[in-house]
Amino acid sequence: MPAVQSWPRLARARIVVSSLLFLTAFGTAASPSVSPSLHSAAQRDLGLSPTQLDRWLQIEREAPQRAALAQRRLGAYYAGSWIERGDDGAVRLIVASSDPRAAKLGPGVELRQVRYSLAELEAAKARLDAGARLRLPGITRPIDGVYAWHVDPASNSVLVRMAPQALERAVDLAAYSGADSGVLRFERMDVAPQATAQVYSGIAYQDRNGGSCSIGFAVRQGATKGFVTAGHCGVAGESIWMNGAPVGYIAGSEFPVADRAWVAIGDQHELLPLVTNHAGAFFFVRGSYESFHSSVVCRSGYRTGYQCGFVNAKDVTVNIAPNSSGIGGLVYGLTQTNACAGFGDSGGGWIDTYEHAQGVTSASNIPAGSPHNCGMFGAFTWFQPVNPILERYGLTLVTL
């Protein structure tokens, strides 16, 4: 489906919902068609040839069912699955198993032998989460500089990312939690995750202090209109403005632990199921089906526009640095990508190539003194999945 080049009611909208809806979407189980414009954006950002991207998207559609079948066959020995581009340029689905006797899984699936099962990796990650929650200020060693951790099936480990000088704190966290040290892998990350909200001019929404964030998906709670965004963008009850005029208030917000919020707006405003590409065109929102690990996703935000990347981790625990108000801390359950973002992109929506909502931007590792991490080697951006936001606040996504 091509990008929508015009929207007849856009001129009549009291809120320009193209700026309301910087969204992302999750793929559906039906046979969806790929938006040509999203295909071009993904090819631009991911470094894939047209043939490689087509193959990647084909595997992406088939992967959930193939992975589920593999998990049933391998049972307790299942160790995860992902899509991978090999040194030969070929794109293939990888399924890992901790059973050295496991038989091949059929055409189109490469079986990889590993040491630890997915259950063992998830148990170690859960121990790290529990250890982080139980730390006592002034008694246990702080975890500043220990930035994020998640299960990484491709390396068959729980990957812990940290500042160069924070190895001792990362090891201390692991020891305190009781996680199996053999499962853990420590990796340097030079820039701390930061919530991407700051004061900027441009199409955005503002809080009471003038801070700007990007608006996510249009939603309804019964008869009440609104949109979802990031929780660190404001607190419940706070007034929200657009284009110099008040439009509503934050009806619910959580940060840290989660990073989700929704804003209730006046009934006079019109909600449209659109995502802007910041180049005069729009994409539709067609649902909110969670994408597979390694899927192609794209995000929209007023600061850095429209950027694409891969889902390279799920259920990530991220230690977000304090913002200008001193608010930060651990956020659980985020999805990690290698798309870039900048200050002000927080709350903006993520979609997949089938125009299904994925989540809202939470944080990015932006270097000091820079407005974004675009073009930076080792750039990461994390988003809060959208379905838990909808469930938490009883919201319905506005779709085509």
Side-chain angles (χ1 to χ4, degrees), residues 19-24 147-148 191-219 226-236 238 240-242 248 250 252-263 275-276 278 297-307 309 316 318-331 333-337 339-351 357-367 370-374 379-386 388-389:
S19 59
L20 268 180
L21 307 174
F22 300 177
L23 324 131
T24 52
Y147 292 147
V191 182
Q194 302 179 63
T196 56
Q198 281 224 346
V199 178
Y200 291 101
S201 62
I203 298 174
Y205 75 89
Q206 293 78 39
D207 62 21
R208 62 184 176 183
N209 299 315
S212 296
C213 281
S214 299
I215 298 174
F217 306 98
V219 296
F227 59 84
V228 293
T229 187
H232 71 261
C233 289
V235 299
E238 191 171 348
I240 294 302
W241 295 58
M242 284 188 68
I250 298 177
S253 179
E254 296 169 81
F255 181 78
V257 180
D259 193 5
R260 56 195 177 197
W262 84 283
V263 173
V275 182
T276 178
H278 299 273
V297 290
C298 303
R299 48 150 291 273
S300 182
Y302 92 91
R303 180 64 179 178
T304 60
Y306 201 77
Q307 307 290 336
V316 185
V318 181
N319 189 12
I320 298 178
N323 59 20
S324 57
S325 300
I327 300 173
L330 292 170
V331 178
L334 298 183
T335 297
Q336 178 178 292
T337 78
C340 70
F343 291 115
D345 287 330
S346 282
W350 292 74
I351 55 174
Q358 298 294 304
V360 298
T361 299
S362 173
S364 195
N365 60 335
I366 300 174
S370 176
H372 56 71
N373 63 356
C374 295
F380 293 105
T381 299
W382 295 267
F383 67 78
Q384 166 76 63
V386 69
I389 306 177

Shortest non-hydrogen contact between Gly359 and Phe383, atoms and distance
CA-CD1, 3.7 Å

Look up atom CG in Asp345 and atom CZ in Arg299, then write down how far apart they are to the nearest 0.5 Å.
4.0 Å

Distance (rounded to the nearest 0.5 Å) between Thr229 OG1 and Ile389 CD1
8.5 Å

Are the side chains of Cys298 and Tyr306 in touch, meaning some heavy atoms are under 4.5 Å apart?
yes

Ile250 and Ile240: side-chain contact (heavy atoms from CB on, under 4.5 Å), yes or no, with the steps?
CA-CA 7 Å; Ile250 298 177; Ile240 294 302; 3.8 Å; yes

Please find the pair of heavy atoms, one from Ala341 and one from Thr304, that lie closest to each other, and give the distance.
CA-OG1, 4.0 Å

How close do Ala321 and Ala192 get, heavy atom to heavy atom, and via which atoms?
CB-CB, 4.5 Å

With Asn365 via side-chain hydrogen bond (donor to acceptor under 3.5 Å, both in side chains) - residues at least two apart
Asn373

Closest approach of Thr381 and Ser364, non-hydrogen atoms and distance?
OG1-OG, 2.9 Å

How would you list, by chain and number, every residue that makes a ring-ring contact (aromatic ring centres under 6.0 Å, His included) with Phe255, sequence neighbours excluded?
His232

Holding to side-chain hydrogen bond (donor to acceptor under 3.5 Å, both in side chains), I want the full list of residues that pass it with Trp382, two or more places apart in sequence or in another chain.
Gln336

Check: Ser346 side chain, Ala195 main-chain N or O, donor-acceptor pair, under 3.5 Å
no

OH (Tyr205) and CH2 (Trp241) are apart, to the nearest 0.5 Å, by 15.5 Å

Using a 3.5 Å distance criterion without hydrogens, assess whether the side chain of Gln194 forms a donor-acceptor pair with backbone atoms of Ile366.
yes

What are the two closest non-hydrogen atoms of Ser370 and Phe343, and how far apart are they?
O-CE1, 3.4 Å

For residues Cys233 and Asp207, report the shortest heavy-atom separation together with the two atoms involved.
O-OD2, 3.6 Å

Tell me if a side-chain donor or acceptor on Thr337 pairs with a main-chain N or O of Gly309 at a distance below 3.5 Å.
no

Short question: side chain of His278, backbone of Gly301 - any donor-acceptor pair under 3.5 Å?
yes

Between Arg303 and Ser212: side-chain donor-acceptor atoms closer than 3.5 Å
no

Donor-acceptor check, side chain of Gln384 to backbone of Asp259, threshold 3.5 angstrom: yes or no?
yes

Side-chain contact test, heavy atoms from C-beta onward, threshold under 4.5 Å: evaluate it for Met242 versus Ile215 and give yes or no.
yes

